[in-house]
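Because the structure is a prediction, the values reported are computed rather than measured. Below, read A as the first sequence line, B as the second, and so on, with proteins coming before strands; counting in each chain starts at 1.
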2 protein chains.
Amino acid sequence: MGSVSDVFKALVDPTRRKILDELSEKDGQSLFEICARLAMKYQLASSRQAISQHLDVLEAAGLVETRREGRYKFHFINTAPLEPIVDRWLRRIPKEPE
Amino acid sequence: MGSVSDVFKALVDPTRRKILDELSEKDGQSLFEICARLAMKYQLASSRQAISQHLDVLEAAGLVETRREGRYKFHFINTAPLEPIVDRWLRRIPKEPE
DNA sequence: TTGACATGCAAGCCGCCACTTGCCTATCGT
DNA sequence: ACGATAGGCAAGTGGCGGCTTGCATGTCAA
């Protein structure tokens with residue numbers, strides 16, 4: 001889970017990048033919290049379902065991990081999949097066929 | 001030229017990532033050289049026009065720079081636009097609204 | 001100059017992605 | 001139990017991106 005392609009696909013959408021920004025600022029938010037804060041900060045009136053699908057993509061890429069508690073589902077950022085990305089061309093790592 | 005969005009859009013395509021790999025290994029190749037080497041290494045039989053359009057996208061993102069010499073056009077990788085990308089979430093840089 | 005080589009331009013097709021819409025399940029407070 | 005809250009599932013739609021196709025331009029060798 002979380003191939004190189006998945007990570008890039010997750011990062012190509014500007015809304016998903018803002019979600020990562022948001023989780024980077026305040027980790028462990030619920031879906032509704034993220035919706036509210038995105039609407040406040042960026043005048044981004046994305047629907048709940050849209051954000052939910054974005055979170056699914058981020059989770060599939062391994063960039064977001066979740067923990068269920070009762071009726072809440074909290075989302076946590078995981079930057080681990082980002083490490084090999086820039087290493088690929090900046091530092092000269094052997095070659096990592098995807 | 002070369003906004004944050006442009007860089008991510010350029011990186012989302014696996015063929016464009018392989019082009020960057022190729023230029024990272026041997027900088028300053030022409031279009032036909034790139035086509036030939038991609039076909040050899042990855043059995044990627046992409047057409048010349050397809051690769052040309054990919055190079056346009058990479059150039060628009062600032063990831064590739066070109067120099068014309070006669071009927072040849074040489075392509076050079078430029079990793080500068082990659083630097084702020086992972087810095088955005090890995091190291092904690094102030095906030096860089098795109 | 002003539003032909004081959006290296007690249008550029010533009011229109012069209014097709015598949016994927018983000019978003020909506022509608023309904024459903026599950027959990028908490030009272 | 002009941003309503004409200006938090007979230008999930010799935011089909012349908014519109015737009016954009018990658019690729020093809022066909023032709024045009026420019027450059028070099030003989």
Does [X] reach the side chain of [Y], with side-chain heavy atoms less than 4.5 Å apart?
X: A/Glu83; Y: B/Leu90; value: yes
X: B/Val64; Y: B/Leu20; value: yes
X: B/Lys9; Y: A/Val12; value: yes

- Message: Please evaluate residues B/Arg17 and A/Ser5 with respect to the criterion side-chain hydrogen bond (donor to acceptor under 3.5 Å, both in side chains), reporting the C-alpha separation (whole Å), side-chain torsions for both, the decisive distance (0.1 Å), and the verdict.
- Response: CA-CA 10 Å; B/Arg17 294 199 294 273; A/Ser5 253; 3.0 Å; yes
Figure out the [atom1]/[atom2] separation between [X] and [N], and round it to whole Å.
X: A/Phe74; N: D/dA6; atom1: CZ; atom2: P; answer: 11 Å
X: A/His75; N: D/dG8; atom1: NE2; atom2: C1'; answer: 12 Å
X: A/Leu55; N: D/dG7; atom1: CG; atom2: C1'; answer: 11 Å
X: A/Arg71; N: D/dG3; atom1: CZ; atom2: C1'; answer: 11 Å
X: B/Arg48; N: D/dG22; atom1: CZ; atom2: P; answer: 14 Å
X: B/Asp13; N: D/dC16; atom1: CG; atom2: C1'; answer: 14 Å
X: B/Asp6; N: D/dC16; atom1: CG; atom2: P; answer: 15 Å
X: B/Lys73; N: D/dC28; atom1: NZ; atom2: C1'; answer: 19 Å

- Task: Starting from the 5' end of DNA chain C, give me the residue, A/Glu69 or B/Leu31, whose nearest nucleotide shows up first.
- Result: B/Leu31
- Note on the structure: Between A/Ser47 and B/Tyr72, whichever has its closest DNA chain C nucleotide further toward 5' is B/Tyr72
- First-last contacting nucleotides on DNA chain C - partner chain B, under 4.0 angstrom, heavy atom: C/dC5 to C/dA10
- Message: With a 4.0 Å limit, can you tell me whether B/His54 has a side-chain N or O closer than that to the phosphate oxygens OP1/OP2 of D/dG17?
- Response: no
- Message: Can you tell me if A/Ser52 touches the phosphate of D/dG8, counting only side-chain N or O atoms and a distance under 4.0 Å to OP1 or OP2?
- Response: yes
- Flag yes if B/Leu58 and B/Phe32 sit in one hydrophobic cluster, no otherwise; membership is Ile, Leu, Val, Met, Phe, Trp, Tyr, and two members link when side-chain heavy atoms are under 4.5 Å apart. no
- Message: Do B/Val57 and B/Val7 land in one hydrophobic cluster if side-chain heavy atoms of ILVMFWY residues count as linked below 4.5 Å?
- Response: no
- Record whether the side chain of B/Arg68 comes under 3.5 Å of the base of D/dG26 through a donor-acceptor pair of N or O atoms. no
- Message: Quick check for you: among D/dC19, D/dA6, D/dA10, whose closest atom lies nearest to any side-chain atom of A/Gln53?
- Response: D/dA10
- Task: For B/Ser30, report the nucleic acid contact type (base, sugar-phosphate, nothing); a contact means any heavy atom under 4.0 Å.
- Result: sugar-phosphate
- Do you see a donor-acceptor pair shorter than 3.5 Å between the side chains of A/Asp21 and A/Ser24? no
